[in-house]
Every structure is written in C-alpha cells, then in structure tokens.
Amino acid sequence: MGEADEDEVLLNHVDKYGSRDWSSIRPKGLLQRTGKSCRLHWVNKFRPNLKNGCKFSPDEERVVIEMQAQFGNKWAKNASYLPGRTDNDVKNFWSSRQKRIARILHSSPPPSSKSKSKRNQNKVPCFHNVPPLEIIKEFVLYGFLIKV
DNA sequence: AAGCCTTCCAACCGCGTCATG
DNA sequence: ACATGACGCGGTTGGAAGGCT
C-alpha cells in the first residue's frame, strides 16, 4: 500500500470513527501501523487548520520563546497558543533554534542529542556561515531568554 | 561536478496518565 | 485496589533537500 493510500485509509477512518479511535485500525486490518503511529501521523499532517509547509513567522517565533520561558518544554501546551501548529512543529522549531544558538555561542550542542553525523563532531562552530542579521537576531532573542 | 554540511521534517521510542474491567 | 490497554507527550533519531566549498 502506498503512502497516499495509507493516508486515504486513515482519513476515511477518522471521518467514520473520529480522531480518538486509533487502536482499532490495525485489528481491523486497515493498516499495519500501530494506533499510536496513526494518531501521530494524523495529528501532524491532517488535523484541521494545520499550517503545513510554512515557516514560523516572527510573531510565532516570539510566542514560542515567550511560552517556552513561561512553561518550559511543555510543547503541547505551548503549541496551543499557536493556532495551526502542532507540538511536534514547536518542538522541532525550538530544537533547531537551540542548536543554532549553541553553535553561534561556540558552546557544544546539547549533550542529550546524539550527533547523527560523526563528521560534525570535530567541526568548530563559528560565525563564518551565519549572515550578520541572523547573528543579531539570535543574540537579541537569546538575550531575551536570559532576561526572562 | 562532487562531496560536505546544515536545516527541516516525519516518525519512532519510552514513559506517564487515564479509563475500564 | 489492582491490572491492563490506549492515548498523549516529550526526547530523540534518521532521511531528504538544499546550500556551500
């Protein structure tokens, strides 16, 4: 079954049974995926009013930063303040932003994130590849974070 | 043109919580 | 009260795509 077919089955199922009945999908033989996997896929791709494929606006970035400062890594909660964004979206956004800041500040990346490519391990972070405006922006945002 | 590097995104995994029997 | 199964969340990983050297 192709990916498009799987999506169609998933959408039909949600249409019929709603977005809370995930465990019955596999037993019914509709899909080989677990209910958990189906739910995640639906939430991240098909949930109504999703902003698919567009980058975070400056306003959205600001909200993420403010909410993260207020609630911490409560991505589902933080995402609830961003219409059309999922917890995964917010989490991914924050994670890549943290890596960028860590690189800019010459500090090592977060220890928990296992570097996926060994070739990056010896690379010294530097400003050379970062556009000046980006550096300023990140420092402004980082300064805001420290202050909060 | 080719290889390297970064970023973005989708998905998996483990754990906590909640509902049900 | 307890066991079990399902859902939801947060951390993490891996691949694709595009930019850079």
Side-chain angles (χ1 to χ4, degrees), chain A residues 1-11 13-61 63-139 141-142 145:
Chain A
M1 191 182 280
E3 195 179 321
D5 296 330
E6 285 190 326
D7 288 350
E8 199 181 330
V9 170
L10 191 58
L11 287 171
H13 187 269
V14 173
D15 207 33
K16 268 190 193 170
Y17 304 102
S19 60
R20 293 186 71 94
D21 175 28
W22 303 111
S23 58
S24 71
I25 291 181
R26 191 149 72 162
K28 281 177 183 159
L30 298 173
L31 294 172
Q32 285 310 302
R33 296 178 182 278
T34 62
K36 194 174 179 173
S37 171
C38 291
R39 179 195 151 271
L40 188 70
H41 190 63
W42 183 82
V43 165
N44 288 328
K45 284 190 78 174
F46 300 121
R47 209 176 60 179
N49 307 319
L50 276 189
K51 291 180 187 174
N52 271 333
C54 67
K55 300 189 80 167
F56 275 62
S57 67
D59 275 350
E60 286 177 315
E61 291 187 25
V63 172
V64 173
I65 292 162
E66 285 174 14
M67 293 304 113
Q68 208 281 340
Q70 191 169 347
F71 302 117
N73 295 359
K74 300 295 174 188
W75 306 121
K77 184 170 181 63
N78 294 345
S80 68
Y81 290 86
L82 292 156
R85 299 296 186 185
T86 67
D87 58 337
N88 218 24
D89 287 336
V90 178
K91 189 165 58 178
N92 282 332
F93 168 76
W94 186 259
S95 170
S96 57
R97 183 174 169 280
Q98 287 302 93
K99 283 180 196 164
R100 201 161 61 232
I101 291 172
R103 213 182 56 248
I104 289 171
L105 293 177
H106 281 221
S107 60
S108 49
S112 55
S113 96
K114 202 163 60 181
S115 178
K116 73 176 176 189
S117 62
K118 290 171 193 108
R119 62 187 174 218
N120 290 344
Q121 286 175 351
N122 296 328
K123 186 170 173 71
V124 179
C126 64
F127 293 110
H128 298 163
N129 297 331
V130 186
L133 274 175
E134 284 300 299
I135 295 173
I136 293 167
K137 190 173 145 194
E138 292 295 355
F139 271 104
L141 293 172
Y142 195 76
L145 260 187

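Quantities reported herein were computed from a predicted structural model and do not represent experimental measurements. Below, chains carry the letters A, B, ... as their sequence lines are ordered, and counting in each starts from 1.
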Taken to the nearest whole Å, CZ/A:F71 to P/C:dC9 is 15 Å
Considering residues at least two apart in sequence or located in another chain, which fulfil the salt bridge (charged side-chain N to carboxylate O under 4.0 Å, His left out) criterion with A:D5? none
Using a 4.0 Å heavy-atom cut-off to protein, can you give one letter per nucleotide of nucleotides 11-21 of chain B, 5' to 3': B if the base is in contact, S if only the sugar-phosphate is, - if neither? BB-BB------
Verdict with supporting geometry, A:K99 and A:S96, side-chain contact (heavy atoms from CB on, under 4.5 Å): CA-CA 5 Å; A:K99 283 180 196 164; A:S96 57; 5.6 Å; no
State, with a plain yes or no, whether a side-chain heavy atom of A:N78 is found less than 4.5 Å away from one of A:V64. no
Rounded to whole Å, how long is the line connecting atom CG of A:D87 with atom C1' of C:dG8? 9 Å
What is the distance from CD of A:Q68 to P of C:dG10, rounded to the nearest Å? 11 Å
Here the distance between atom P of B:dC9 and atom NZ of A:K51, to the nearest Å, is 14 Å
Would you say A:W75 places a side-chain N or O within less than 4.0 Å of OP1 or OP2 belonging to C:dG11? yes
Measure the spacing between CG of A:L11 and CZ of A:F46 and express it to the nearest 0.5 Å. 4.5 Å
Measuring only between side-chain heavy atoms, which start at C-beta, is A:F93 closer than 4.5 Å to A:R85? no
Residues in salt bridge (charged side-chain N to carboxylate O under 4.0 Å, His left out) with A:R39, at least two apart? none
Output the rounded distance in Å from CD (A:Q98) to P (B:dC8). 13 Å
Between B:dC9 (P) and A:R100 (CZ): distance, integer Å: 12 Å
What residues form a salt bridge (charged side-chain N to carboxylate O under 4.0 Å, His left out) with A:K28, not counting sequence neighbours? none
Quickly work out the A:F93 CZ to C:dT12 P distance and round it to whole Å. 19 Å
Under a 4.0 Å heavy-atom cutoff, the residues of residues 13-27 of chain A touching DNA chain C are A:R20, A:D21, A:W22, A:S23
Starting at atom CZ of A:R97, determine the distance to atom P of B:dC9, rounded to an integer number of angstrom. 16 Å
Considering residues, nucleotides and ligands other than A:K51, do more than 12 of their heavy atoms fall under 6.0 Å from its NZ? yes
Those residues that, when tested against A:E8, pass side chain to side chain contact (heavy atoms under 4.5 Å, CB included) (two or more places apart): A:N12
